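Read through the structure below, which is laid out as structure tokens, and then see the notes.
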Amino acid sequence: MSKQIRFNAFDMNCVAHQSSGMWRHPQDQSARYKELGYWIELAQLLERGHFDGLFIADVLGTYDVYGSSNEAAIRHAAQVPVNDPILLVSAMAAVTENLGFGITAGTAYEHPYPFARRMTTLDHLTNGRVGWNVVTGYLPSAARNMGHDDQLEHDQRYDVADEYLEVTYKLWEGSWEDDAVVRDREAGVFTDPAKVHEIGHSGEHFTVPGIHISEPSPQRTPVIFQAGASPRGIAFAAGNAEAIFVAAPTKTVLAGTVKRIRDALEAAGRDRYSAKIYTLLTIITDETSEKAHAKHEEFLQYASDEGALVFMSGWMGIDLSQFELDEPIGNVKSNAIQSTVANFQQADDSGKEWKVRDIAKLGSIGGLGPRVVGSPEEVADFLQEWVEETDVDGFNLAYAITPGTFEDVVTLIVPELQRRGVYQTGYAPGTLRNKLHGRGDRLPDEHRGAGFKIGNRVGV
């Protein structure tokens, strides 16, 4: 039997998420990001398409590496203006029953104690359909606006994130016993104090002595998402992630990334398939191949090369305005997303070296992932080929226009994949964790966070 293909939708509470310039297209509705109606309609659409979830990206700063200024980012609406992702979820959960929600939140600028409560609250309100995309940050502008001269070095950011996760695991897993809330009306006891424990955390970066202020939610710990593919990022994911997002411009690069992640999971004492891996992709499709390619050509008329280089400069930590368009990327060091630089320092599938012009064309629609253009049959062939040859689990789908790109996938691609027997026709029961992995609602015993469960922690 062919491997099942999974879809996740990739969006952001802003105008130009990954496709700078496409907001000008007459059918694009991304400027409705300020309206709850947009998000409600999108969630219902994705659930009709049996997507695993909606992954909502976020940044706390502007893209100001390109040209040493944020003027181009502001001009092209390159993830600015941008609103908070967390506040969207309750409304979308109210109109869906199965769709999961992956919320991006960083470990650099918010204390873990209030953040843990916020995620517990959402896990209650969604009945256990929340995931947390753990990011360490990469934009220097965010660091400056939070009172720092610059962000920490790449690997140091992951050191902070390790302790941040330790604190949240202790709060979610190690503070309240499962039967702490008794609701004993006769005795007048809502919660048994003997079954609620202080976590007593005192570390290098955080001090949290007390209890988790919220009672346990359906998952306790939200599903942990992670998107780092550098060596340090993979090591972090191996201990924590249950779903991993990657971006690879070619099939060869993707296969290598997936293998490194699965090997790292196994080395960490976990099953090599204990995390679902989704790769970034943009699908442009129509009823026929000719219509799909015509649609793609039309989209390219609205795409912005400069806007793409604004994004790429921020992701790579390199001011691409200093390069000639036909100059190769070469051997550079990055303090931003190191895997992005590494990917473009390899040859593409045709053996050519990546140049700045190539990066602009690639990133103008859909960001760091490739684009597949074709009929439903051609796109389905592509998806199956990539899944079978790279061992990836599914695709994190960016859009050219929204919600039009997602509508095309739901109405044209999903039925074709279902006809081939390689895409789900319904959802598994229970929480997001069970829907993804079919192993219950709680963290499995081999997961790092399970070591902080009641009874596993020293002193509890």
Side-chain angles (χ1 to χ4, degrees), residues 55 57 102 104-109 112 131-139 151-170 172-173 201 203-206 221-248 253-280 315-317 332-346 368 390-393 396 433 436-437 443-452 456:
F55 174 30
T104 298
T107 57
Y109 310 122
W132 171 26
N133 176 43
V134 184
V135 296
T136 64
Y138 58 90
L139 290 177
Q151 59 189 346
L152 294 173
E153 288 298 314
H154 181 272
D155 287 6
Q156 286 182 289
R157 299 200 298 271
Y158 278 106
D159 293 340
V160 174
D162 275 329
E163 187 180 342
Y164 198 107
L165 267 292
E166 180 180 341
V167 174
T168 56
Y169 289 145
K170 287 176 178 177
W172 289 323
E173 300 290 341
H201 180 86
E204 181 180 352
H205 306 287
F206 305 105
T221 295
V223 172
I224 302 298
F225 292 68
Q226 212 268 331
S230 68
R232 185 63 177 89
I234 289 176
F236 181 83
N240 299 286
E242 301 169 87
I244 299 172
F245 298 119
V246 299
V253 170
L254 177 60
T257 299
V258 171
K259 185 180 186 303
R260 285 192 294 275
I261 291 172
R262 299 223 188 272
D263 288 347
L265 288 166
E266 204 164 50
R270 301 172 63 190
D271 186 279
R272 63 190 293 109
Y273 291 95
S274 59
K276 301 295 184 188
I277 304 175
Y278 301 78
T279 190
L280 184 63
W315 294 329
M316 299 174 74
V332 298
K333 181 180 179 181
S334 170
N335 191 35
I337 306 177
Q338 291 185 353
S339 58
T340 302
V341 176
N343 285 346
F344 289 121
Q345 288 173 341
Q346 302 180 56
L368 292 170
T390 69
D391 200 27
V392 77
D393 292 294
N396 195 33
R433 180 169 285 115
L436 291 178
H437 296 290
L443 287 173
D445 290 341
E446 68 271 17
H447 189 280
R448 177 193 173 200
F452 300 100
N456 290 344

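If you read the sequence from its start, that first residue is 1, and numbering goes on from there. From a predicted model like this one, the values you see are computed outputs, not experimental measurements.
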Out of curiosity, Lys276 NZ to Tyr278 OH, how far, rounded to the nearest 0.5 Å? 7.5 Å
Considering only heavy atoms from C-beta outward, does the side chain of Ile224 approach that of Asn133 to under 4.5 Å? no
Would you check if Leu165 and Trp132 make a side-chain contact, meaning some heavy-atom pair closer than 4.5 Å? yes
Do Gln226 and Phe245 make a side-chain contact, defined as non-hydrogen atoms from C-beta onward lying under 4.5 Å apart? no
What heavy-atom pair brings Ala264 and Ile234 nearest, and what distance separates the two atoms? CB-CG2, 3.5 Å
Would you say Ile261 and Ile277 make side-chain contact, with heavy atoms under 4.5 Å? yes
Nearest 0.5 Å, what's the NE2-CG distance between His205 and Asp159? 6.5 Å
Are the side chains of Phe225 and Ile244 in contact, using a 4.5 Å heavy-atom criterion? no
Within a strict 4.5 Å, meaning less than it, do heavy atoms of the Arg270 and Arg448 side chains meet? no
Just to verify, which of Arg262, Lys259, Arg272 counts as forming a side chain to side chain donor-acceptor pair (under 3.5 Å) with Asp391? Arg262
Glu204 backbone acceptor or donor facing Glu163 side chain under 3.5 Å: yes
Does the pair Asn396 and Thr279 meet the rule for a side chain to side chain contact (heavy atoms under 4.5 Å, CB included), with working shown? CA-CA 5 Å; Asn396 195 33; Thr279 190; over 6 Å; no
If you apply the rule side chain to side chain contact (heavy atoms under 4.5 Å, CB included), what do you find for Leu265 with Tyr273, and how did you get there? CA-CA 8 Å; Leu265 288 166; Tyr273 291 95; over 6 Å; no
Aromatic contact, His447 with Tyr169 (centres under 6.0 Å): yes
When you look at Phe236 and Val134, which way does the side chain to side chain contact (heavy atoms under 4.5 Å, CB included) test go after all the steps? CA-CA 10 Å; Phe236 181 83; Val134 184; 3.9 Å; yes
When rounded to the nearest 0.5 Å, the distance separating OH of Tyr164 from CZ of Arg157 is 15.5 Å
Can a donor-acceptor pair be found, under 3.5 Å and without considering hydrogens, that links the side chain of Arg433 to the backbone of Thr221? yes
On a heavy-atom basis, the closest approach of Ala238 and Ala268 is O-CB, 3.6 Å
Check: Val160 and Phe206 side chains under 4.5 Å, non-hydrogen atoms: yes
CG of Leu280 to CG of Leu368: how many Å apart, nearest 0.5 Å? 6.5 Å
Check Ala450 against Asp445 and note the closest heavy-atom contact, atom names and distance. CB-O, 3.6 Å
Is any side-chain heavy atom of Leu443 closer than 4.5 Å to a side-chain heavy atom of Glu242? yes
Measure the spacing between NE2 of His201 and NZ of Lys170 and express it to the nearest 0.5 Å. 5.0 Å
